[in-house]
Amino acid sequence: MMLHPELYTDEQIEKMLNETPVAEPDVDEAWKHFKKGHHQYRQPMRWAAILITVAALSGISYAAIHHFQKTREEKQVTGVMPQQKPLAREVVWKKESKSVTSTLEEPDSTRHDQHFNNVPLQQIMQQISKDYGVDVVFNNDAARTIRFYISWDAEETLSNIVNRLNHFEKVHLTLSDETITIN
């Protein structure tokens with residue numbers, strides 16, 4: 001009948017539809033059956049969601065604590081305290097002065113290969129001042145915190161290092177006499 005309804009009259013179709021028994025589903029019974037089958041999966045899913053949430057929050061907390069500890073250590077190493085604001089132009093390291101920062105020493109007569117991985121320019125310049133015995137002057141305070149990935153070997157000249165740092169767009173270093181000026 002469904003394939004060729006044109007072969008049947010409307011009365012024949014109506015008669016057949018009226019004679020076909022239709023079972024009415026028990027909605028309440030079907031709902032109980034559905035809840036029973038799906039309830040067993042809800043509890044493990046809840047525990048999984050709780051476990052994932054706790055793991056994510058633990059990871060975020062660990063990362064935040066690690067970040068703040070590392071930042072605090074960097075500030076202690078570089079000698080810049082959070083409440084201090086450096087002047088617009090100041091000599092950060094002088095080769096003659098031991099009192100500028102607590103970690104600055106006299107220039108080394110023996111240099112070592114240097115590798116800086118995501119290190120602020122201020123820390124890199126501190127090492128250059130120590131190794132090459134030059135003064136470092138920051139005219140651009142924002143340049144202090146720019147992070148670099150750079151390395152050089154112990155035999156590399158100071159002018160080569162300054163030229164390599166000048167390839168970066170955000171800073172401009174000038175080497176004159178025994179002073180590096182950062183703009």
Side-chain angles (χ1 to χ4, degrees), residues 44-183:
M45 295 301 276
R46 281 184 182 166
W47 283 107
I50 290 170
L51 182 64
I52 290 170
T53 303
V54 167
L57 289 175
S58 298
I60 291 169
S61 300
Y62 175 77
I65 290 169
H66 180 71
H67 171 74
F68 289 121
Q69 285 178 343
K70 188 172 182 177
T71 304
R72 186 179 323 131
E73 288 171 2
E74 286 177 359
K75 287 179 183 176
Q76 289 173 352
V77 168
T78 59
V80 176
M81 296 312 224
Q83 62 269 26
Q84 291 178 330
K85 189 157 190 172
L87 300 173
R89 177 171 162 61
E90 67 172 325
V91 176
V92 178
W93 300 282
K94 284 191 167 245
K95 61 181 187 247
E96 305 89 25
S97 172
K98 292 184 181 179
S99 63
V100 175
T101 61
S102 60
T103 59
L104 185 61
E105 301 170 3
E106 290 298 313
D108 274 345
S109 58
T110 59
R111 293 188 200 125
H112 304 286
D113 292 351
Q114 298 294 329
H115 303 283
F116 295 97
N117 185 5
N118 195 23
V119 175
L121 181 60
Q122 184 166 354
Q123 190 174 344
I124 295 170
M125 296 312 295
Q126 182 179 5
Q127 188 63 44
I128 289 173
S129 174
K130 177 180 173 186
D131 287 352
Y132 291 91
V134 293
D135 297 337
V136 176
V137 177
F138 277 90
N139 287 338
N140 179 0
D141 285 336
R144 295 173 187 269
T145 59
I146 298 173
R147 295 181 166 278
F148 288 90
Y149 296 86
I150 191 167
S151 61
W152 61 82
D153 58 25
E155 291 82 32
E156 192 160 357
T157 65
L158 180 60
S159 61
N160 284 346
I161 297 169
V162 169
N163 288 335
R164 286 179 48 208
L165 285 168
N166 276 331
H167 282 94
F168 296 97
E169 291 179 14
K170 296 191 176 201
V171 295
H172 179 72
L173 284 73
T174 306
L175 176 62
S176 62
D177 297 327
E178 293 189 12
T179 302
I180 297 176
T181 305
I182 300 161
N183 296 314

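Computed from a predicted model, the values in this text were never measured in an experiment.
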Distance-only criterion, 3.5 Å: show the donor-acceptor pairs between side-chain atoms of residues 49-62 and protein atoms not counting sequence neighbours.
{"unit_1": "T53", "atom_1": "OG1", "unit_2": "A49", "atom_2": "O", "d": "2.8"}
{"unit_1": "S58", "atom_1": "OG", "unit_2": "V54", "atom_2": "O", "d": "2.8"}
{"unit_1": "S61", "atom_1": "OG", "unit_2": "L57", "atom_2": "O", "d": "2.9"}

Taking the side chain as C-beta and beyond, is there a heavy-atom pair between [X] and [Y] under 4.5 Å?
X	Y	result
Q114	D131	yes
I150	L165	yes
L158	I180	yes
I146	F168	no
V136	I128	no
I124	F148	yes
Y132	R111	yes

Inset, instruction - Mind checking the CD-CD spacing from Q126 to Q123? Nearest 0.5 Å is all I need. - result: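 Going from CD on Q126 over to CD on Q123, the span is 7.0 Å.
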Inset, instruction - Supply the atom-to-atom distance W152 CH2 to T157 OG1, rounded to the nearest 0.5 angstrom. - result: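 Separation between the atoms: 11.5 Å.
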Inset, instruction - Can you run down the salt bridge (Lys or Arg N to Asp or Glu O under 4.0 Å) pairs that involve residues 163-176, sequence neighbours left out, and say none if there aren't any? - result: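 Counting only pairs at least two positions apart or across chains, the salt bridge (Lys or Arg N to Asp or Glu O under 4.0 Å) contacts touching residues 163-176 are E156-R164.
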Legend entry - Over 12 non-hydrogen atoms of neighbours within 6.0 angstrom of CG in D113: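 Above 12, so yes.
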Inset, instruction - Taking S129 for its side chain and V134 for its backbone only, find out whether a donor-acceptor pair lies under 3.5 Å. - result: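 Pair found, side chain donor or acceptor close to backbone of V134.
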Legend entry - N166 side chain vs L173 backbone, donor-acceptor pair below 3.5 Å: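 Yes, because the side chain of N166 sits within donor-acceptor range (under 3.5 Å) of the backbone of L173.
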Legend entry - Over all atoms of both residues, closest heavy-atom pair of S151 and H115: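 Distance-wise, the nearest heavy atoms are CB-ND1, 3.2 Å.
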Legend entry - Minimum-distance pair of heavy atoms, taken over all atoms of H167 and N163: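 Nearest pair, atom of H167 first, then N163: ND1-O, 2.8 Å.
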